[in-house]
Each structure stands twice: as C-alpha cells, then as structure tokens.
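Structure first, then comments.
In each ligand, atom 1 is the first atom listed, and ligand 1 is the first ligand listed. Any value given below was found using the heavy atoms of this structure, including those in side chains, with hydrogens, waters and symmetry copies removed.
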Amino acid sequence: MIRVSVLGAGGRMGTEVVRALNDAQDMQTALLLGPDDDPAAINPSNTDVAVDFTSPDAVLGNTLTLIGQGVHSVIGTTGWTKERLDQVKQALDEHPGLSVFIAPNFAISAVLADRFAAMAARYFESAEVIEMHHPDKVDAPSGTALGTASAIAEARRKAGMGPMPDATQQPDASRGRVVDGVHVHAVRLRGLNAHEEVLMGNPGEQLTIRADSFERVSFMPGVLLAVRRAGSIPGLTVGLDHYLF
Ligand SMILES: NC(=O)C1=CN([C@@H]2O[C@H](COP(=O)(O)OP(=O)(O)OC[C@H]3O[C@@H](n4cnc5c(N)ncnc54)[C@H](O)[C@@H]3O)[C@@H](O)[C@H]2O)C=CC1
Ligand SMILES: O=C(O)C1=N[C@H](C(=O)O)C[C@H](O)C1
C-alpha cells in the first residue's frame, strides 16, 4: 500500500486527489496538509510519496522541504521557472535516488496536445497559444500554456525557422505574453475549467489543436500514474510524457 500525503488537500485539486486516493486499491492517504501545516511533518516514517497542489508562492519551499525530508514528490502546482528548477536540482544533488516529478498538466489530452503542437510547429508560419480557465486561477498564463509555447519554440528552432510575422507597432500593444517568440493569451471566464487552443497558420489555412479538461477528474489518472511511478526516475523529471512515450 502506497502511503500518500497531500499538500493543499483542501483545495480544488487537493480535494479531487484525496477522492482518487481513497478510491485507489493500492494507496492510502497519510498526512493531509493545509496552509497552516508544516510540510516537515511529512517524512519516510509516515509517507512514501507526497503530492503538492498548493500555490505558486508555496510550491518551491514545499518541494525543498520534502527533498530535505527524503520523500519522493509528485507536483502539480504551477509557477516554475528555470531558476526555481535549478534550485530543486541543486537540492537533489544532496539526495541521490530521490525523485521530484513535476507535471504542468496531468491530463492526457493536454499532454498529447503539446506533443501534436511540437510535431506540427515546423510546418506553419505562425503559431499562438490561447489558454482559458476558471476565474479563480491565481496565475496567468497557465503553466500548461508556458510549456506548450516552449515546445513550439524549440521545434521551430530545431527546424531553423525565424521569427513569426507580426506588424504590430504600438508600444502599448496588447499581444499577450511572448514566450520564446510565441504569443500566449489567457482568458478567465466563469463556467470554464481548463482549456487550451494552439492556433497554427499558413496562407489560406489554419490548424487548431484543442484540449479541454471539463472536470478535475481528468487529471487524476495522470496523478495516480505519477504516484505509482514515484522513485522510478531519480532526480527531477518534468512532464507526464516521460511516463507515457
Ligand atoms: N498539473 C496539473 O495538472 C494541474 C495543476 N494545477 C495547479 O495546482 C495548483 C492548485 O490549483 P487549485 O487546486 O485550483 O488551487 P486552490 O487554491 O483551490 O488549492 C490550493 C490549496 O492549497 C492550500 N495551500 C496554500 N499554500 C499551502 C501550503 N504552503 N501548504 C499546504 N497547503 C497550502 C490552499 O489553502 C488551498 O486549499 C495551481 O498552481 C494550479 O495551477 C491545477 C490543476 C491541474
Ligand atoms: O489552475 C488550474 O485550474 C490549472 N492549472 C494548470 C496550469 O496552470 O497549466 C493545469 C490546468 O490548466 C489547470
């Protein structure tokens, strides 16, 4: 039986994770932590894997604490930058064999959309990303969209492609956030959950790749897979594709 502690257990995702753990035959919940709890309460005597769905402000500190405690972690919380990931890698150097797994998105639809966008990117003059979420989300653009934009940019770079066409001139133009040359736009709308469209264009044609998570249960198979695989890849792993392809 895998003992799983959850940080952010009372949140929108944490609540869904606890439900999924309770339904899983091979797992049991261990510690369920909220914002006033000490993550250092998690240790190998009570936990095999810790799952974090907290906030971008809290996740780095939580992750470094869990590494210090010697517990494998599965992290869905967004807000990651290269600098923050480098801090995690540095901390892991002191704990060989320990694994930190981060996924910007645990839904198979989103993982495949990223893969398809990277495959298609080299064939289109223009590409932009539109992410759409519930208005209770605290960060924008989404971690998923940032990852999608980076994947598109990397594919274009490998194909030797130049900048995308854009005649925008106003200094205060609103064109979303530019991520490695790819424009990313964020919509916040009551009634939505988590959605992303990748638009790719050529003269006279467009390819649209769209992923929708209508309910948070869509993320749970990926979370449970990551818990079951915790420790199988020592060090830092980013992206559910590492377990799928
Ligand atoms: N990777 C993925 O597939 C997904 C990632 N997310 C990300 O997960 C994060 C959480 O999203 P939601 O559940 O919608 O947010 P939420 O605000 O509903 O839940 C976060 C919970 O964490 C708690 N919390 C805050 N700081 C904490 C700390 N230091 N220790 C323990 N608990 C703490 C809050 O009180 C709250 O209950 C966000 O970064 C979001 O982008 C959300 C959905 C899917
Ligand atoms: O906050 C959310 O809800 C989600 N956040 C993640 C992100 O920022 O990519 C994953 C998914 O889009 C839902």
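- Within the 4.5 Å cutoff, side-chain heavy atoms of Val49 are placed close to those of Val74.
- Residue contact check: Ala58 has heavy atoms under 4.0 Å from atoms 26 (N), 29 (N) of ligand 1.
- Some N or O of His134 is nearer than 3.5 Å to an N or O of ligand 2, by distance alone.
- With a heavy-atom cut-off of 4.0 Å, Phe53 touches ligand 1 through backbone and side chain alike.
- From the protein, the heavy atom lying nearest to atom 9 (O) of ligand 2 is Thr144 OG1, 2.5 Å.
- Regarding atom 12 (O) of ligand 2, its nearest protein heavy-atom neighbour is His133 NE2, 2.6 Å.
- Donor-acceptor pairing under 3.5 Å is recorded for the side chains of Glu128 and His185.
- Under a 4.0 Å criterion applied to the non-hydrogen atoms of Met13, ligand 1 contributes the atoms 13 (O), 42 (C), 43 (C), 44 (C).
- The closest side-chain donor-acceptor pair between Ser99 and His72 falls under 3.5 angstrom.
- Asp136 places a side-chain heavy atom less than 4.5 Å from the side chain of Arg12.
- When each of Pro39, Pro44, Ser5 is tested with Val71 by the rule side chain to side chain contact (heavy atoms under 4.5 Å, CB included), just one qualifies, namely Pro44.
- Residue Phe219 has no N or O atom closer than 3.5 Å to an N or O atom of ligand 2.
- Which parts of ligand 1 touch Phe106 is read off a 4.0 Å heavy-atom cut-off, strictly below it: atoms 1 (N), 2 (C), 3 (O).
- Shortest contact from atom 6 (C) of ligand 2 to any protein heavy atom: Pro104 O, 3.7 Å.
- Distances from atom 1 (N) of ligand 1 to the heavy atoms of Pro56, Ala194, Ala103 put Ala103 nearest.
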Donor-acceptor pairs under 3.5 Å, side chain of residues 105-120 to any protein atom, not counting sequence neighbours: which ones?
residue : atom : partner : partner atom : Å
Asn105  : OD1  : Ala107  : N            : 2.9
Asn105  : ND2  : Thr144  : OG1          : 3.0
Asp114  : OD1  : Thr148  : OG1          : 2.4

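- If you number the atoms of ligand 1 from 1 as listed, the ones under 4.0 Å from a heavy atom of Lys137 come out as 41 (O).
- For the pair Asn193/His133, no side-chain contact is recorded, criterion being any heavy-atom separation below 4.5 Å from C-beta on.
- Close N/O approach between Asn193 and ligand 2 is not found [any backbone or side-chain N/O within under 3.5 Å].
- Here is the list of ligand 1 atoms found below 4.0 Å of a heavy atom in Pro104: 1 (N), 2 (C), 3 (O).
- Set against the non-hydrogen atoms of Gly10, the atoms of ligand 1 under 4.0 Å away are 37 (O).
- Its side chain within the 4.5 Å cluster rule, Val59 clusters with Leu60, Leu64, Ile67, Ile75, Trp80, Leu85, Val88, Leu92, Leu98, Val100, Ile102, Leu236, Val238 among the Ile, Leu, Val, Met, Phe, Trp and Tyr residues.
- At the shortest separation from atom 5 (N) of ligand 2 among protein heavy atoms lies Lys137 NZ, 3.1 Å.
- Environment of CD in Gln28: crowded, with over 12 heavy atoms of neighbouring residues, nucleotides or ligands closer than 6.0 Å.
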